[in-house]
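Contents: one structure, followed by commentary.
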Amino acid sequence: MNPNQNHIYQIFMKKKIYTFSLFVFAFLIALYFVWAIAANIQKEALKQHLSNEWAVALSDEKITTYGFPFKFGIKVSDFQFQLNNTPIKLEFLKLKIIRLIYNFSDFILFLEKPMVTSMDYPIFNSSSNKLKASISGRPFSGKFKLITEQENWQISDERNTKILEAKEVIFALKDADHRNLDFYFQADNLEVSILNKVYKKDPEKPNKLILQGTILNSVISSREAPYKPIKLENIMLQKLDINVGFFKLSCNDMVAVNLFKLTTKEDVACLLKLSPKNISKIKTDNELIQSIIDIVNLLLIINNPTRSAEIQAIPIKLSLNKGLFYINAIPIYQFPTRY
């Protein structure tokens with residue numbers, strides 16, 4: 001190739017590169033234009049939904065879009081509102097809602113410093129440092145999935161006194177059928193304030209609570225209307241594992257709990273693994289805890305007359321009747337209830 005031809009070839013290649021670059025630039029501009037329209041539609045839809053359902057009005061300074069080109073992201077900051085027609089106040093420092101372009105049915109939510117406050121009886125605050133939630137599909141569509149993970153979760157009362165706290169909490173929901181939702185709850189490094197004087201913390205065996213069961217939705221009576229709101233009246237508890245201090249309670253019996261009346265139709269069979277030596281060390285001035293200790297101590301004597309120091313597996317039946325808590329048919333504590 002002579003110098004003339006080489007020069008012409010270089011000019012030709014430069015024109016192709018410029019043309020291709022211009023095409024890519026124009027394509028990206030058009031793609032961003034389409035993305036911006038779609039992102040804005042989602043942002044306005046969210047604002048409209050919050051306004052219609054919960055009477056929450058967000059200014060443009062508090063809600064923005066981001067994520068071009070592979071995801072639609074909405075960022076909400078400094079949220080603090082009482083939700084309309086509910087006794088619930090919701091607040092958080094920052095919320096990120098992400099939808100991936102290639103999978104519109106899935107949402108991923110990231111929250112910083114979320115707090116839920118009950119403004120009515122029973123008054124409580126539920127808060128955590130961070131919360132991540134993955135949501136797929138619609139409720140009762142056969143595809144609904146929800147998984148949440150929280151860091152440094154705690155529940156406190158109206159005096160801001162801690163009742164429960166855990167290092168990490170996992171909560172998951174999935175469709176059982178068009179009327180029920182299966183749930184799974186796990187709290188690691190669990191601390192219960194009323195039990196602080198009862199047990200010693202063991203860093204090698206952190207406290208853990210596991211609940212597994214089904215949420216019954218009484219609103220839906222047929223498969224003809226699968227998207228009506230969920231009305232939580234009953235929970236079917238299938239599994240309960242508590243590992244707190246030297247208490248190891250395991251319940252695998254199935255029992256339905258009426259949330260309004262705090263009532264179970266049947267007893268739930270459990271096994272409590274405990275040694276007489278450990279139970280004898282407990283010193284507490286809490287009447288509820290002391291009454292449970294007295295019952296457990298009595299069961300230990302019945303099941304282990306020789307009073308050996310070995311861990312005993314004690315059969316226990318738990319039940320509720322209009323807020324009255326029973327262990328082996330013996331009334332222990334009356335929970336405050338409102339009808």
Side-chain angles (χ1 to χ4, degrees), residues 86-89 116-126 153-166 169 171 180-181 183 185 187 190-199 207 209-219 230-242 244 247 249-272 282 284-299 314-339:
T86 72
I88 297 296
K89 180 182 177 182
V116 176
T117 303
S118 168
M119 312 298 289
D120 197 0
Y121 179 88
I123 297 174
F124 69 90
N125 295 319
S126 175
W153 170 75
Q154 68 177 41
I155 290 182
S156 54
D157 58 21
E158 66 272 17
R159 298 183 299 274
N160 208 27
T161 303
K162 292 179 183 178
I163 301 172
L164 288 171
E165 57 182 317
V169 171
F171 179 70
N180 304 327
L181 285 173
F183 72 88
F185 176 87
L190 180 69
E191 292 189 27
V192 185
S193 61
I194 62 173
L195 297 179
N196 284 342
K197 296 180 180 179
V198 173
Y199 65 87
N207 301 324
L209 169 65
I210 295 177
L211 295 172
Q212 184 176 337
T214 301
I215 298 174
L216 309 179
N217 182 17
S218 62
V219 167
I230 301 170
K231 186 177 181 181
L232 303 182
E233 289 187 355
N234 296 281
I235 286 183
M236 185 71 73
L237 188 63
Q238 297 170 331
K239 180 180 180 181
L240 168 63
D241 281 332
I242 301 177
V244 177
F247 286 96
L249 179 67
S250 179
C251 311
N252 291 305
D253 204 0
M254 185 176 292
V255 61
V257 182
N258 184 300
L259 298 179
F260 290 159
K261 297 182 179 179
L262 281 180
T263 298
T264 57
K265 291 183 179 180
E266 298 176 354
D267 296 345
V268 53
C270 306
L271 275 180
L272 175 65
I282 298 175
T284 178
D285 53 3
N286 186 289
E287 293 182 5
L288 169 60
I289 301 300
Q290 188 58 53
S291 61
I292 294 176
I293 291 171
D294 293 340
I295 295 299
V296 172
N297 203 24
L298 176 62
L299 294 172
I314 310 166
I316 285 180
K317 288 188 178 293
L318 308 177
S319 63
L320 285 167
N321 184 17
K322 295 182 179 179
L324 187 56
F325 175 55
Y326 292 84
I327 296 180
N328 287 22
I330 301 173
I332 298 297
Y333 181 73
Q334 176 68 59
F335 289 97
T337 56
R338 281 168 62 172
Y339 303 105

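FYI, the numbering just counts along the sequence from 1.
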Q: Quick one: do Ile235 and Phe183 satisfy side-chain contact (heavy atoms from CB on, under 4.5 Å)? Show the steps, please.
A: CA-CA 10 Å; Ile235 286 183; Phe183 72 88; 3.5 Å; yes

Q | Atom of Ile332, atom of Ser291 and distance for their closest heavy-atom approach | A | CG2-OG, 3.3 Å

**Q.** Residues in salt bridge (charged side-chain N to carboxylate O under 4.0 Å, His left out) contact with Asp294, at least two apart in sequence or another chain
**A.** none

Q | Under 3.5 Å: donor-acceptor pair, side chain of Glu191, backbone of Ile163 | A | no

Q: Verify the neighbour count for atom CD of Gln290: are there more than 12 heavy atoms of other residues, nucleotides or ligands below 6.0 Å?
A: yes

(Q) Under a 3.5 Å threshold, yes or no: a donor from one side chain and an acceptor from the other, between Ser250 and Asp241? (A) yes

Q: Of all the heavy-atom pairs spanning Gln334 and Lys322, show the shortest one and how long it is.
A: NE2-O, 3.1 Å

Q: For Lys265, check side chain to side chain contact (heavy atoms under 4.5 Å, CB included) against everything at least two apart and list the hits.
A: none

Q) So how far is it from Cys251 SG to Lys239 NZ, rounded to the nearest 0.5 Å? A) 11.0 Å

Q: For Leu164 and Leu190, work out which heavy atoms get closest and say how close.
A: CD2-CD1, 4.3 Å

Q: Measure across Ala269 and Lys317 and return the closest heavy-atom pair with its distance rounded to 0.1 Å.
A: CB-NZ, 3.9 Å

(Q) If you apply the rule side-chain contact (heavy atoms from CB on, under 4.5 Å), what do you find for Val268 with Leu237, and how did you get there? (A) CA-CA 9 Å; Val268 53; Leu237 188 63; 5.8 Å; no

Q: Would you check if the distance from the ring center of Tyr333 to the ring center of Phe335 is below 6.0 Å?
A: yes

Q) Got a donor-acceptor contact below 3.5 angstrom from the Asn258 side chain to the Lys261 backbone? A) yes

Q: Enter the distance from Asn125:CG to Thr117:OG1 here, rounded to the nearest 0.5 Å.
A: 4.0 Å

Q: Looking only at non-hydrogen atoms, find the nearest pair between Trp153 and Ser126 and report the distance.
A: NE1-OG, 3.1 Å

Q | Sidechain-backbone polar pair: Thr214 side chain, Met236 backbone, donor-acceptor under 3.5 Å | A | no

